[in-house]
S.K.: 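Dropping the structure in here first, questions after.
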Amino acid sequence: MSGDPYVYEGTDTLRNNAGIRDPEALSEREQIVSFQALRQMLKEPVLGNFDQTHFAAIHKRLFAEVYPWAGETRTVELWKPEIVLNGRSVAYTPPAAIEQQMRSALASLAQEQPGNLKDSRPAMRLAQNMATLFQAHPFREGNTRTLLAFMEQYARHHQQPLDQALINRVPSEIRDALVLATQGQIRPLSEMVRNARYSEEQRAHPVLGRLSAEAFEATRLMGAPRIVLPEPGTQIRGQVVATSYHHALVRQDREIAAVPLASFRVMPENNSRVDVRVLRNDEGLDRNRPREEVAQSQVVGRVLIPASYLMLTGQRPEDAARNRIEIPGPSPALADALKTRTAREIVADPSLAAEVRQIDKSLIERFGREGSVMLVQGSPEQAKSLLPKGQDLDEVRAVLKPLMQALVVDDRQQTLAQTQALSRDEPQLGRSV
């Protein structure tokens, strides 16, 4: 960037304390440092009066380890292409006007309490001030992260904390909302504020305390089922839908059992099926048993295709019922056989053949016969349209293709056996003389 004193001459790489010239390496370093600072800031906020000095102090906390100019107002014009503006840039405030624009927005924040940020008007007011601060863009880099950290402290100070995990889940979305807000389209940003306030409030669970963002989202999509703490000594069997800070949430019929993570030898994975006993307070895991043996005894199987809890608008009741059917993954024995044995050898084992049939039955119940074939053999676009969002098609097909080969062999053998049985039962003619 020619004439920019913030970059190394002849490059677009920002000058930094480590002297890093590779932009990708610098970006990675910056992300790590700022993320660690953000986490620490939740425990030890930057103190201040929510004025310009306070705003600059937050930027310095986030980036002082990376940039020598952290916390200092920029002295150059900025231009950044934005997808939502078809490649155009936000009209960022010229350096000479930054101080006045910051003062105006921060004074507006200080004039009144934010109100209940779950309501439209308070969320709209906060979003408008955020848009003004974003357009000011007071620093050469790191403005969005500084703004969000500042607003998090502001909202928490006024007893209106926002769910940062929800806001930061897709960074490009929050940036797009901020960009649109500078163009007068405030609603996407204000809705993010409202949702983040609602989410933070809902994560305060009466049984488990504060839920992790993952656990809250999973239970929300399930229709907020009842969560119970099982009695010590109880044997819990079911599917892990999420893990929270200290518990694994295991689905059992219409309720969720919150099993302390201390009861597991290894961290249970989402969608795994577990069979685990809840430890008593004075009890620990048996350290004499091998780690792998204990872990295998707790995890009894995995779900290949999880149920889809998202109820689409206009979905028929029968479609909704189908979408809640899970496709079980192969047991360890079947998974090993799929890799090491032929289809004929697999179906020769009655227990493996029965498991193949059960998975096929679940597929047909969930997708129908045509859908099952499409999932295994159809075009990637067609197959992916059948799967829940984020499901890996290649991973699913790696299991289903050899399963279907075994199923074809089993069908042929059963047909042959039936034909032979029928021929034996038919009346036989005597030998011709």
Side-chain angles (χ1 to χ4, degrees), residues 34-63 70-71 73 90 92-93 98-99 101-139 141-183 185-203 213:
S34 62
F35 177 73
Q36 291 173 341
L38 278 171
R39 292 188 64 180
Q40 188 62 28
M41 215 183 297
L42 292 175
K43 302 176 184 177
E44 301 175 6
V46 176
L47 302 180
N49 298 317
F50 299 102
D51 53 13
Q52 286 175 271
T53 301
H54 193 181
F55 200 94
I58 288 178
H59 186 270
K60 192 166 186 176
R61 172 79 75 86
L62 290 174
F63 300 103
T73 303
V90 171
Y92 294 115
T93 305
I98 289 175
E99 184 176 345
Q101 186 158 334
M102 293 284 293
R103 187 186 301 118
S104 173
L106 293 170
S108 176
L109 284 175
Q111 283 175 0
E112 58 185 51
Q113 296 287 324
N116 187 344
L117 293 179
K118 290 189 297 181
D119 295 339
S120 296
R121 287 188 177 181
M124 189 76 74
R125 286 198 304 269
L126 184 63
Q128 288 170 337
N129 283 311
M130 290 176 69
T132 302
L133 291 170
F134 179 77
Q135 188 161 11
H137 240 58
F139 311 110
E141 185 62 42
N143 290 279
T144 304
R145 279 164 285 179
T146 302
L147 172 60
L148 295 179
F150 179 86
M151 285 303 175
E152 190 279 330
Q153 285 196 195
Y154 172 83
R156 191 171 296 277
H157 176 76
H158 290 286
Q159 288 76 53
Q160 291 289 307
L162 305 175
D163 184 350
Q164 294 302 294
L166 183 64
I167 289 176
N168 294 311
R169 183 170 56 186
V170 184
S172 61
E173 288 186 1
I174 183 66
R175 182 177 179 86
D176 288 348
L178 285 163
V179 169
L180 291 173
T182 66
Q183 310 298 301
Q185 300 179 46
I186 299 292
R187 186 167 298 281
L189 184 59
S190 67
E191 286 302 309
M192 282 190 174
V193 170
R194 293 182 64 194
N195 291 337
R197 176 70 196 111
Y198 175 78
S199 176
E200 183 69 15
E201 188 176 87
Q202 293 300 304
R203 284 172 65 181

S.K.: Who pairs with Ser108 by side chain to side chain donor-acceptor pair (under 3.5 Å), at least two apart in sequence or on another chain?
M.R.: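 Side chain to side chain donor-acceptor pair (under 3.5 Å) check on Ser108 returns Asn129.
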
S.K.: State which residues pass side chain to side chain contact (heavy atoms under 4.5 Å, CB included) with Gln52; sequence neighbours excluded, sorted by chain then number.
M.R.: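 Here the qualifying residues are Glu99, Met102, Arg103, Leu106.
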
S.K.: Residues in side chain to side chain contact (heavy atoms under 4.5 Å, CB included) with Asn143, at least two apart?
M.R.: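 Asn143 satisfies side chain to side chain contact (heavy atoms under 4.5 Å, CB included) with His137, Pro138, Phe139 once adjacent residues are dropped.
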
S.K.: Looking only at the side chains, is there a donor atom on one of Gln135 and Thr182 sitting less than 3.5 Å from an acceptor on the other?
M.R.: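 No, no side-chain donor-acceptor contact under 3.5 Å.
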
S.K.: Quick one: does Lys60's side chain get under 4.5 Å of Thr146's, heavy atoms only?
M.R.: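 The answer is no; the side chains never approach within 4.5 Å.
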
S.K.: In the structure I gave you, are the side-chain heavy atoms of Ile167 and Met192 within less than 4.5 Å of one another anywhere?
M.R.: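 No, every pair of side-chain atoms sits at 4.5 Å or beyond.
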
S.K.: Any pair with a residue in residues 47-56 that passes salt bridge (charged side-chain N to carboxylate O under 4.0 Å, His left out), sequence neighbours left out, goes on the list, sorted by first then second residue, please.
M.R.: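 For residues 47-56: none.
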
S.K.: With sequence neighbours excluded, give me every salt bridge (charged side-chain N to carboxylate O under 4.0 Å, His left out) pair touching residues 113-137.
M.R.: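 Listed by first then second residue: Glu112-Arg125, Lys118-Glu201.
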
S.K.: Which atom pair, heavy atoms only, marks the closest approach of Pro122 to Pro114?
M.R.: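 For Pro122 versus Pro114, the nearest heavy atoms are CB-O, 3.1 Å.
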
S.K.: Which heavy atom of Met151 sits nearest to which heavy atom of Leu133, and what is that distance?
M.R.: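 Heavy atoms only, the tightest pair is CE-CD1, 3.6 Å.
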
S.K.: Looking at Glu200 and Arg197, is any side-chain nitrogen of the basic one under 4.0 Å from a carboxylate oxygen of the acidic one?
M.R.: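 Looking at Glu200 together with Arg197, the answer is no, because their closest N to O distance does not fall below 4.0 Å.
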
S.K.: Centres of the Phe63 and His59 rings: under 6.0 Å?
M.R.: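 Centroid distance Phe63-His59: below 6.0 Å, so yes.
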
S.K.: Would a distance-only check, ignoring hydrogens and angles, find a side-chain to backbone donor-acceptor pair under 3.5 Å from Ser199 to Ala196?
M.R.: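 No, because the side chain of Ser199 does not come within donor-acceptor range (under 3.5 Å) of the backbone of Ala196.
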
S.K.: How long is the span from the CG atom in Leu148 to the CZ atom in Arg175, to the nearest 0.5 Å?
M.R.: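 Output value for this atom pair is 11.0 Å.
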
S.K.: Holding to side chain to side chain contact (heavy atoms under 4.5 Å, CB included), I want the full list of residues that pass it with Gln36, two or more places apart in sequence or in another chain.
M.R.: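 Side chain to side chain contact (heavy atoms under 4.5 Å, CB included) check on Gln36 returns Ile32.
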
S.K.: Can you pull the ring-ring contact (aromatic ring centres under 6.0 Å, His included) pairs that have at least one residue in residues 105-131, sequence neighbours excluded?
M.R.: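 Checked against ring-ring contact (aromatic ring centres under 6.0 Å, His included) - neighbours excluded - no pair reaches residues 105-131.
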
S.K.: Gln101 and Thr93: side-chain contact (heavy atoms from CB on, under 4.5 Å), yes or no, with the steps?
M.R.: CA-CA 8 Å; Gln101 186 158 334; Thr93 305; 2.7 Å; yes

S.K.: Could you tell me which residues satisfy ring-ring contact (aromatic ring centres under 6.0 Å, His included) with Tyr154, sequence neighbours excluded, listed by chain and number?
M.R.: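 Checked Tyr154 against ring-ring contact (aromatic ring centres under 6.0 Å, His included); matches are Phe50, His158.
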
S.K.: Can you list everything that forms a side chain to side chain donor-acceptor pair (under 3.5 Å) with Ser104? Sequence neighbours excluded, please.
M.R.: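 In terms of side chain to side chain donor-acceptor pair (under 3.5 Å), with neighbours along the sequence ignored, Ser104 is linked to no residue.
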
S.K.: Sequence neighbours excluded, which residues qualify as side chain to side chain donor-acceptor pair (under 3.5 Å) partners of Gln202?
M.R.: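 Counting only residues at least two positions away or on another chain, Gln202 forms no side chain to side chain donor-acceptor pair (under 3.5 Å).
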
S.K.: Please give me the minimum heavy-atom distance between Ile98 and Ala136, naming the atom from each residue.
M.R.: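 Smallest heavy-atom distance, with atoms named: CG1-O, 3.8 Å.
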
S.K.: With the side chain counted from C-beta on, respond yes when Arg194 and Tyr198 share a heavy-atom pair under 4.5 Å apart, and no when they do not.
M.R.: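 No; the side chains remain at least 4.5 Å from each other.
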
S.K.: Backbone N or O of Leu117 within a donor-acceptor pair of the Gln160 side chain at under 3.5 Å?
M.R.: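 The answer is yes, because a donor-acceptor pair under 3.5 Å joins these two groups.
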
S.K.: Any salt bridge (charged side-chain N to carboxylate O under 4.0 Å, His left out) involving residues 153-165? Give me the pairs, sequence neighbours left out, ordered by first then second residue.
M.R.: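 Qualifying pairs: Glu152-Arg156, Asp163-Arg203.
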
S.K.: With a 4.5 Å cut-off on side-chain heavy atoms, are Met41 and Leu62 touching?
M.R.: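 Yes, at least one pair of side-chain atoms sits under 4.5 Å.
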
S.K.: Under the rule for side chain to side chain donor-acceptor pair (under 3.5 Å), what residues qualify as partners of His157, not counting sequence neighbours?
M.R.: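 His157 satisfies side chain to side chain donor-acceptor pair (under 3.5 Å) with no residue once adjacent residues are dropped.
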
S.K.: Which atom names give the shortest non-hydrogen contact between Ala181 and Ile186, and what distance separates them?
M.R.: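 The answer is O-CD1, 3.5 Å.
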
S.K.: Determine the minimum heavy-atom distance between Leu147 and Phe55, stating which atoms define it.
M.R.: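 Closest pair (atom of Leu147, atom of Phe55, distance): CA-CZ, 4.0 Å.
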
S.K.: Measure the spacing between CG of Leu42 and CD of Gln153 and express it to the nearest 0.5 Å.
M.R.: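 Between atom CG of Leu42 and atom CD of Gln153 there are 8.5 Å.
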
